[in-house]
Structures are given as structure tokens and as C-alpha cells.
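Have a look at the structure below, then the notes.
Quick note on labels: first sequence line is chain A, next is B, and so on, each numbered from 1. Please read these numbers as outputs of a predicted model, since none were measured by experiment.
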Amino acid sequence: MQATTALLHWYDRNFRTLPWRTPPNPELSGAKPNPYHVWLSEIMLQQTTVATVKTYFIKFTDLWPRLENLAEAEEEEVLKAWAGLGYYSRARNLHRCAKIVLRDYNGRFPEEEHKLQQLPGIGPYTAAAISSIAFNQHAAVVDGNVERVISRLRAITDRLPGAKPVIKSHMAALTPHERPGDFAQAVMDLGATVCTPRSPACTICPWVDLCEGRKQGIHESLPRKAPKRVKPTRKGMAFVIAREDGAIALRRRPDKGLLAGMSEPPTSQWSEDMKQDDLGQAPVKADWSLAPSTVKHTFTHFHLELAVWHTQVDAAFPLPEGYWWSVPETLEGEALPTVMRKVLKTPLA
DNA sequence: AAAGCGGGGTA
DNA sequence: TACCCAGCTTT
């Protein structure tokens, strides 16, 4: 197929080196992809940009060079290393997946898409990506970039997510049996660097003459998506208990729900009609002061505003069950999500 | 089928 | 500052 060949040539010329990638065309270079690296990077790249993932990927492979090492780590250590990347269920599923692959598959990932998709944290996209990139299997890889590129190339005007099966069948028809992994990465790279959501660089696109969306002048409006809902704003209070030596009192969040299993300074309930000066919500009796600024943070489905209250206590102060002191030297390495790091960075006066 | 789940990049 | 982007699991 002409479109396929043209894009593979574009990929060979525009290949971007990344820590988890092997050079294009495995049959020519002889370099074999590392399935552990491919899997780890693909999990990290879910909803997350390449630039952000790079440092975390290096940190993880440095801490746990092989899947076996990751499988034998404590979940707490994995959550600490993941802190700041977001969507923390990914870290828990990553760890569960490593244990299952070690136990059930002798530490080697299965090559087939349908077997990969049975593993925790691996859905339709990631199963196809690992199967094609790590094992050279013919799988149709569809992520957000592919949805955009293919819907423009074929002028698919049906709304997402309904149009997904049609996009997948077009991608399957375009995917070659020779270099399926390189082709999948080529379409995703094209979407990331040329066929961008806004102001696509059509003049340098290897598919410009084939692009049905551009011929019809509708490419920039594709893909069409379901309208998004407005995010409500929830309010709450965060409580920073500081000891004389600078240690901060932390606790662990519940194992289910938002920021599951992560650490935090204690907070009140978060709700739209929350009063931010009701110290009855404080975890301990103390002499509380209000910080001059509030912390603002946006999650997937709501905005959050936290009033920050703080108090200074002496070394003998008794903490509630389950709390612990984190001294300044250990604070950085705690499993603190970004919103809680914002709380701890808030000027107190 | 719809809702829940974070963080970073860009205009 | 406001808006945009993106895959898996649970309900």
C-alpha cells in the first residue's frame, strides 16, 4: 500500500530517539526491543506527555532494571517513585501486572494482543502497542494521535467515541505485516509532531496528497468529539502540622477512590458548599493559623480550592493513629501527589 | 454506556 | 488564566 510505504519512509527519516525505543526497522538494525521497557513506557504514556515520562522512565529502570526487580518491590516504593505522574491506579496496576507476568509467564510478557489485555492496566491500546512494538505482531494500534490522523486522512465525521471501531478498521487496513510496530509509532509520531490538534503542518505531511479531510477543508475540525461537561469547584481545608524540627504530619489516603493509597497532610471533606473556617474539621486540637493564599488544583472532573491551616507543635505532641512524622530529608521521597506538594509549599505567613 | 481517575502543555 | 489533551477500570 502506497500510503503505508510513504509513512514508513517518513518515519525512518524523522525517527526520534527516546530512552525506551530501539532504532527503526528491527530487521535491518538487528536491535531487539525490550518488552519490559516497551510496557513500562506505554503505561506511563497513558494520558501523559513524552517530556514528562522521560525522567520517570529513567528513574524506574534505574530503581528496577528488570521486570523481576519491579515485581519484588514493595507497592509503597512504587507509589513513591510514581508520585507526580498522576492517575495513581496505573502504578498499582503496574505492580500487580509485574507480579502476574513473573508468576504466570516466567517473567516474559505474552506476545498476543488478547492475552496482554487480560493483564491489569493493559487495555485495547496498550495491548496492541506492546504486541506490535515489542513483538512485531500485526495489531491495529489506536490512541488519541491515531484517532486524529486517521479521522482526518479518511474524513471520518462521526463523533468519538462512537467512531472508534471505524477508525480501528481503517488503521488495521493500513498496518503492514512487515513493520507493524514501526508503522504504529510512525502514525503516533505524525500526530504528535505534524498532524497536531490545532494548526497542523500539512505542507510537510507525507500524507498531504492522500488526506481526504484536507481535500474537503474539514481536517482541522476532526476528530469530532462528544461535548464536555463543565467542571464544578469543590472547596476544603488542608492542615499542616509542623514539629519544631520541621517534620510534617502525614497520613495515608484510603485504598480506593481519588489519590488512592497516596500520602497527604490531613484534609477536611471536599465539597461545593464547604465552609473553609470550620476548625471542627481539624484532625487535632491545636492553635491553628490560616495561610494567606489558597491552593488551587484541577482534577479530571472538578476544580479544587484548599484553604491551608497550619500549627506548630512540640516534640511530645501525640499524633492520631496512622499518622507519621516526615522530616524534611524524607518529605521529597514521600508518595505525595502534586496537589499535596502544593499545600506543603504554600507560604504560611 | 457512563463515570471516575491527575497532571502538564499551549494560546 | 482558560482551555486542551488522553487510556483503563469500575459501576
If only side-chain N and O atoms count, and only distance matters, is there a donor-acceptor pair under 3.5 Å linking [Y] with [X]?
X: A:Q47; Y: A:R90; value: no
X: A:T298; Y: A:H303; value: yes
X: A:N69; Y: A:R66; value: no

Look at the aromatic rings of A:F302 and A:F299 and report parallel, tilted or perpendicular, splitting at 30° and 60°.
tilted

For A:H177 and A:H138, take the angle between the two ring planes, folded into 0 to 90°, and tell me which bin it lands in: parallel under 30, tilted 30 to 60, perpendicular over 60.
parallel

For nucleotides 8-11 of chain C, print each protein N/O atom paired with a nucleotide N/O atom at under 3.5 Å, atom names and distance only.
unit_1	atom_1	unit_2	atom_2	d
C:dC8	OP1	A:G123	N	2.9
C:dC8	OP1	A:G123	O	3.4
C:dC8	OP1	A:T126	N	2.9
C:dC8	OP1	A:T126	OG1	2.7
C:dC8	OP2	A:Y125	N	3.3
C:dT9	OP1	A:G121	N	2.4

In this structure, how many angstroms lie between the [atom2] atom of [N] and the [atom1] atom of [X], rounded?
X: A:Y88; N: B:dC5; atom1: OH; atom2: P; answer: 14 Å
X: A:M44; N: B:dG7; atom1: CE; atom2: P; answer: 14 Å
X: A:F302; N: B:dA3; atom1: CZ; atom2: P; answer: 16 Å
X: A:L160; N: B:dA2; atom1: CG; atom2: C1'; answer: 16 Å
X: A:L258; N: B:dA3; atom1: CG; atom2: C1'; answer: 13 Å
X: A:H303; N: C:dC4; atom1: NE2; atom2: C1'; answer: 13 Å
X: A:R224; N: C:dC5; atom1: CZ; atom2: C1'; answer: 19 Å
X: A:N145; N: B:dG9; atom1: CG; atom2: C1'; answer: 14 Å

Sugar-phosphate only, base, or nothing, as touched by [X] at under 4.0 Å among non-hydrogen atoms:
X: A:P197; answer: sugar-phosphate
X: A:R148; answer: sugar-phosphate
X: A:K225; answer: sugar-phosphate
X: A:L45; answer: nothing
X: A:R90; answer: nothing

Verdict with supporting geometry, A:T267 and A:E264, side chain to side chain contact (heavy atoms under 4.5 Å, CB included):
CA-CA 8 Å; A:T267 64; A:E264 65 173 7; 3.8 Å; yes

OP1 or OP2 of B:dC5 sitting under 4.0 Å from any side-chain N/O of A:H301?
yes

Examine B:dG7: is either OP1 or OP2 under 4.0 Å from a nitrogen or oxygen in the side chain of A:T52? Give yes or no.
no

Basic-acidic side-chain contact under 4.0 Å: A:E334, A:R341
no

Looking only at side-chain atoms of A:P337, point me to the closest of B:dG9, C:dG7, B:dG7.
B:dG7

Nucleotide nearest A:F299 (side chain, heavy atoms from C-beta), chosen from B:dG4, B:dA11, B:dG7:
B:dG7

Would you check, one step at a time, whether the test side chain to side chain contact (heavy atoms under 4.5 Å, CB included) holds for A:F183 with A:M171?
CA-CA 10 Å; A:F183 181 78; A:M171 185 63 179; 3.7 Å; yes

When the P atoms of B:dC5 and C:dC5 are considered, how many whole Å apart are they?
23 Å

